Amino acid sequence: MKIGITGGIGSGKSYVCQLLAKHGIGVYDCDAAAKRLIRTSPIIYKELTALIGPDTYIDGTLNKVAVAQFLLQSEEHAKAVDAIVHPAVFEDFEKSGLEWMESAIMYESGINRLVDKVIVVTAPREVRIQRVMQRDHISREKVLQWMSRQWPQQKVKRLADYEIINDGNADIDQQLNDFLCRYNVITI
């Protein structure tokens, strides 16, 4: 069974994946894979440069500032970048041999088609904002800008098969164990 883990920025997806790793479960990280592929794939290099311009890479290194500015200019720009990067990530996941994947934009990207069950990790909006501000040392406005690129938490929650609440109080281990037992994955 292939399982996806999703949730908005700051929800705690990565924390849940760390718990899985402690129990020997490998999780394909779509965000890390996208970053790796953007750095290493000659096809992505060529297509992103054609889309964004000659400042996309400087001496072969991705110019994150230029790409972020391009992405945040419009929804059309974001979709154009996604159309280059997402298919490469989908293919890379299928070649990885892993059964678990983490993706912040599971439904937005369409990668949910590659999994049988989806877990959504949720947290209150303000908790998420504070986590990201502290983690990334960015302004509230920048966090809200990134959050606006993702589907609302309630929408994702309705589509997912299972919810893990990560509000700082709920027992994450127990919720994860409940999912694993319910779907006969494994018991941790």
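Predicted, not measured: the structure shown is a model, and the values here were computed from it.
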Joint hydrophobic cluster, V121 plus V118, side-chain heavy atoms closer than 4.5 Å
no
Could you tell me whether K13 and D31 have a side-chain N and a carboxylate O separated by less than 4.0 Å?
no
Regarding Q153 and S11, is there a side-chain donor-to-acceptor distance under 3.5 Å anywhere?
no
In this structure, would Y162 and L180 fall into the same cluster of hydrophobic residues linked by side-chain contacts under 4.5 Å?
yes
Heavy-atom distance under 4.5 Å between the side chains of V89 and I111, does that happen here?
yes
If we ignore hydrogens and angles and just use 3.5 Å, is the side chain of H77 paired with the main-chain N or O of L71 as donor and acceptor?
no
Would you say M147 ends up clustered with V132 if hydrophobic residues are merged whenever their side chains have heavy atoms under 4.5 Å apart, either directly or through other cluster members?
yes
Can you measure from CD (E102) to SG (C30) and round to the nearest 0.5 angstrom?
8.0 Å
Within this structure, what is the CZ-CD distance for the pair R158 and Q154, rounded to the nearest 0.5 Å?
7.0 Å
Which heavy atom in E47 sits nearest to a heavy atom in I84, and how many Å separate them?
OE1-CG2, 3.4 Å
Intermediate values then yes/no, side-chain contact (heavy atoms from CB on, under 4.5 Å), S139 and M133
CA-CA 6 Å; S139 69; M133 287 173 60; over 6 Å; no
Under the 3.5 angstrom rule, does the side chain of T6 hit a backbone N or O of S103 as a donor-acceptor pair?
yes
Charged N to carboxylate O below 4.0 Å: is that the case for E99 and K2?
no
Can you tell me how far apart NZ (K22) and CG (D173) are? Round to the nearest 0.5 Å.
8.0 Å
So F179 and W100, would you call those rings parallel, tilted or perpendicular, with 30° and 60° as cut-offs?
perpendicular
Please give me the minimum heavy-atom distance between V27 and M101, naming the atom from each residue.
CG1-C, 3.7 Å
Please step through side-chain contact (heavy atoms from CB on, under 4.5 Å) for the pair I5 and C17, ending with a clear verdict.
CA-CA 8 Å; I5 299 173; C17 292; 3.8 Å; yes
Q175 (side chain) donor-acceptor with I165 (main chain) under 3.5 angstrom:
yes
Which word best sums up how the rings of H86 and F90 line up, parallel for under 30°, tilted for 30 to 60°, or perpendicular for over 60°?
parallel
Nearest non-hydrogen partners of I129 and V143, listed with the distance:
CA-CG1, 4.0 Å
What is the distance from atom CD of E141 to atom CD of Q145, rounded to the nearest 0.5 Å?
9.5 Å
For the hydrophobic clusters of this structure (ILVMFWY residues joined by side-chain heavy atoms under 4.5 Å, transitively), does one cluster hold both I3 and L176?
yes
Residues D92, R36; criterion side-chain contact (heavy atoms from CB on, under 4.5 Å); working and verdict
CA-CA 11 Å; D92 195 59; R36 174 180 47 80; 2.4 Å; yes
How close do H23 and L19 get, counting heavy atoms only, and between which atoms?
CD2-O, 3.0 Å
Group every Ile, Leu, Val, Met, Phe, Trp and Tyr by side-chain heavy-atom contacts under 4.5 Å, then state whether I105 and L37 land in the same group.
no
Decide if atom CD1 of I43 counts as having more than 12 heavy atoms of other residues, nucleotides or ligands within a radius under 6.0 Å.
no
Quick one: side-chain hydrogen bond (donor to acceptor under 3.5 Å, both in side chains) pairs with a partner in residues 125-138, sequence neighbours left out?
E126-Q130, E126-R140
If you take all heavy atoms of A78 and R149, which pair is closest and at what distance?
CB-NH2, 2.9 Å
Ignoring hydrogens, what is the shortest heavy-atom contact between M1 and Y183? Give both atom names and the distance.
CE-O, 3.8 Å
Students often mix this up, so state it plainly: with edges at 30° and 60°, are the rings of Y28 and F93 parallel, tilted or perpendicular?
perpendicular
Are any side-chain N or O atoms of Q150 and backbone N or O atoms of W146, one a donor and one an acceptor, separated by less than 3.5 Å?
no
side-chain contact (heavy atoms from CB on, under 4.5 Å) evaluation trace for S109 with D82
CA-CA 8 Å; S109 69; D82 291 347; over 6 Å; no
R113 CZ to M106 CE distance, which is reported to the nearest 0.5 Å:
12.0 Å
Identify each donor-acceptor pair in which a side-chain atom of residues 48-65 lies under 3.5 Å from a protein atom, sequence neighbours left out, and give them as a table.
from	atom 1	to	atom 2	distance (Å)
T49	OG1	Y45	O	2.8
T56	OG1	G53	N	3.4
T56	OG1	G53	O	2.6
Y57	OH	I38	O	2.7
N63	OD1	V65	N	3.4
N63	OD1	A66	N	3.3
N63	ND2	D55	O	3.1

